[in-house]
**Q** 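Below is the structure I would like to discuss, written out as structure tokens.
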There are 2 protein chains.
Amino acid sequence: MIDQQTMPPSAKLRPQLSPDLIVAAASNVLERDGIDGLTMRAVAAELKVQAPALYWHFPNKDALQVALFDHLMADLAFAIDGRDWREDIHLMCHQLRRHLLARRDSAQLLPHGFFVGPNMMEQAETILGILIQAGMTPKDAAYAMSTGVSYIITWVIGEADILQRRLTGHDGNDQLAHRLVATGRYPYFAQAIGAFELGGDIEGQFDFGLNCLIAGFEQLVPRR
Amino acid sequence: MIDQQTMPPSAKLRPQLSPDLIVAAASNVLERDGIDGLTMRAVAAELKVQAPALYWHFPNKDALQVALFDHLMADLAFAIDGRDWREDIHLMCHQLRRHLLARRDSAQLLPHGFFVGPNMMEQAETILGILIQAGMTPKDAAYAMSTGVSYIITWVIGEADILQRRLTGHDGNDQLAHRLVATGRYPYFAQAIGAFELGGDIEGQFDFGLNCLIAGFEQLVPRR
DNA sequence: ACCTGAACACCGTTCAAGT
DNA sequence: ACCTGAACACCGTTCAAGT
């Protein structure tokens, strides 16, 4: 006969809660219901537990979101060849963009901007290594990485929004811009308005900003 | 004797609600209580009105926030001399940063990234004019502007967070990074960690990213 | 046309109480 | 040590009803 005290029946059906289990459940909720559906109550329900139980393992929702972000970055393995640092950085940035886009609303997880957690640390080490080996000072490399990652995170948030507006056909912004341009008081904007349209070349625009940043990075690397 | 129907007594004490009045009230609430205090109920209370009244003039809170952002950008007058486009852009970006920092949490107002409203339109026209006159194609100028403004907005959100963490002394991020670096498994990060510290050169880091972008912009302008 | 009262369907978080 | 039950103090938004 099993001792009820040390081994209650529920223990076999549902293992004890842990930060890892909670993060895994939160990941499911985020993928299924998006950032608006990611509530403490929903994560708790996913684990068949009451919401306050989560507060034994995380001090607050922000901490859970940070841990979840770091978890989602764990399986990000950069495929680089180490020949040209410019190509490597370019490739890594595109990979990070795709990684974030593939995990619903992951870019909106960090409440206070870019943050290096335990898993993200590995990726950061790789990036910093490339930049420092290319000839940057450690400080420049740190700034470059944080500027680049911030760019990509912000971009992905905006891109996800554009993709959704395309689906829903909600182009209120475009309509307002066109009305204003029609007044004739904004000649330069009138020339450029095509670039702001919803049907624009979205990946090309990502590359535009990325190439601008990399061009700036190049100036920090000594010529040979 | 005044007709009660057309001129009720309350009309003299409190004029009719309007989008402009609501935006002005929202501006007060934001400055006083920050983005977390900016609720429909708080804006309504500022106007001595019930919250549902606002929904007659704005479809939802997002629309009010967008209108508020545009309002806060109305008195942004760029001081440029038109001699060197690089200097002008640099100056405008610093001015936009200061403008956003001076209006509490204004950078967090836009729910879906950068947006050009009626007031912001004037500023956009100025920026696009400089870039196009410098020799950029209208499309490149549009991409450059949107990349630059996004960079500044994201930066300011992060900078406000850093400034607050300095005040509250909340440097949990730093502690985690130091613990991980102490394992010795991240040699490159160990060299760069000083740049991530809270006491870093914050304006220098802003300039770093800005100069990278402008270096990229320069490649889009024909040499002479 | 424009606003109020009351309610709906939620939130994050706290805390005494259970086991 | 770890979780539940119940509650607190809010949210954005809807909608019938008033004027």
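Here is how names work: the chains are called A, B, and so on, in the same order as the sequence lines, proteins then strands, and each is numbered from 1. What you are looking at is a predicted structure, and each value in this text was computed from that prediction instead of being measured.
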**Q** So that I can tick it off, tell me whether A:R103 and A:D75 are bridged by a salt bridge, with the cut-off set at under 4.0 angstrom between side-chain N and carboxylate O.
**A**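 A:R103 and A:D75: salt-bridged.
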
**Q** Given C:dT13, C:dC3, D:dT14, which nucleotide is nearest the side-chain atoms of B:Y55?
**A**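 Closest nucleotide to the B:Y55 side chain: D:dT14.
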
**Q** Would you kindly give the CD-to-P distance between A:Q50 and C:dA17, to the nearest whole Å?
**A**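 That distance rounds to 19 Å.
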
**Q** To the nearest Å, give me how far apart CD (A:Q16) and P (C:dT19) are.
**A**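 In whole Å, C:dT19 P and A:Q16 CD are 17 Å from each other.
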
**Q** Between C:dT14, D:dC15, C:dG12, which nucleotide has the shortest distance from any of its atoms to the side chain of A:P52?
**A**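 Of all the options, the side chain of A:P52 is nearest to C:dT14.
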
**Q** Any idea how A:H94 and A:F206 line up, ring-wise: parallel (<30°), tilted (30 to 60°), or perpendicular (>60°)?
**A**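 It falls in the perpendicular class, over 60°.
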
**Q** So does A:W56 get a side-chain nitrogen or oxygen closer than 4.0 Å to the phosphate oxygens (OP1/OP2) of D:dC3?
**A**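 The answer is no; no side-chain N or O of A:W56 sits under 4.0 Å from OP1 or OP2.
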
**Q** Assess the side chains of B:S146 and A:Q205: does a donor N or O sit below 3.5 Å from an acceptor N or O?
**A**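 The answer is yes; a qualifying pair exists.
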
**Q** Any chance you could encode DNA chain D as dot-bracket? Rule is Watson-Crick or G-U wobble with both distances under 3.5 Å; [ ] for pairs crossing earlier ones, | for another strand.
**A** ||.|||||...|||||.||

**Q** Can you check the A:L38 CG to C:dC11 C1' distance for me, whole Å?
**A**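 Rounded to the whole Å, the gap is 13 Å.
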
**Q** Please state the P separation for the pair C:dA9 and D:dA9 - nearest whole angstrom.
**A**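 Going atom to atom, P in each nucleotide, I get 23 Å.
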
**Q** Name the residue closer to the 5' end of DNA chain C, choosing between A:D62 and B:A51 according to the nucleotide with the nearest heavy atom.
**A**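 First, find each residue's nearest nucleotide; the 5'-ward one identifies B:A51.
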
**Q** Atom CZ of A:R41 to atom C1' of C:dT13: distance rounded to whole Å?
**A**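 Those two atoms, CZ and C1', are 9 Å apart.
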
**Q** If only side-chain N and O atoms count, and only distance matters, is there a donor-acceptor pair under 3.5 Å linking A:Q123 with A:H99?
**A**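 Side-chain D/A pair, A:H99 to A:Q123: absent.
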
**Q** Tell me, please, which residues at least two apart from A:R97 pass salt bridge (Lys or Arg N to Asp or Glu O under 4.0 Å).
**A**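 With sequence neighbours excluded, A:R97 shows a salt bridge (Lys or Arg N to Asp or Glu O under 4.0 Å) to A:E159, A:E203, given in chain and number order.
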
**Q** Answer with yes or no whether the side chains of B:Q95 and B:H90 bring together a donor and an acceptor at under 3.5 Å.
**A**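 There is no such pair (donor and acceptor under 3.5 Å, judged by atom type) between the side chains of B:H90 and B:Q95.
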
**Q** Just to confirm, is there a sub-4.0 Å distance from OP1 or OP2 of C:dA1 to any side-chain nitrogen or oxygen of B:H57?
**A**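 The answer is no; no side-chain N or O of B:H57 sits under 4.0 Å from OP1 or OP2.
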
**Q** Could you state the atom-to-atom distance from CE of B:M40 to P of C:dC10 in whole Å?
**A**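 It works out to 20 Å between those atoms.
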
**Q** Rounded to whole Å, how long is the line connecting atom CG of B:L21 with atom P of C:dC2?
**A**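 One finds 13 Å between P of C:dC2 and CG of B:L21, rounded.
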
**Q** Separation of A:L54 atom CG from C:dT14 atom P, in whole Å?
**A**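 One finds 13 Å between P of C:dT14 and CG of A:L54, rounded.
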
**Q** Output the rounded distance in Å from CG (B:D33) to P (D:dC10).
**A**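 Spelled out: CG on B:D33 to P on D:dC10 is 12 Å.
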
**Q** The side chain of B:V49 lies closest to which of these nucleotides: C:dC11, D:dG12, C:dC3?
**A**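 Given the options C:dC11, D:dG12, C:dC3, the side chain of B:V49 is closest to C:dC3.
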
**Q** Report, one line per pair, each donor and acceptor closer than 3.5 Å where one atom sits in a side chain of residues 18-38 of chain A; sequence neighbours left out.
**A**
{"unit_1": "A:S18", "atom_1": "OG", "unit_2": "A:L21", "atom_2": "N", "d": "3.2"}
{"unit_1": "A:R32", "atom_1": "NH2", "unit_2": "A:E46", "atom_2": "OE1", "d": "2.3"}

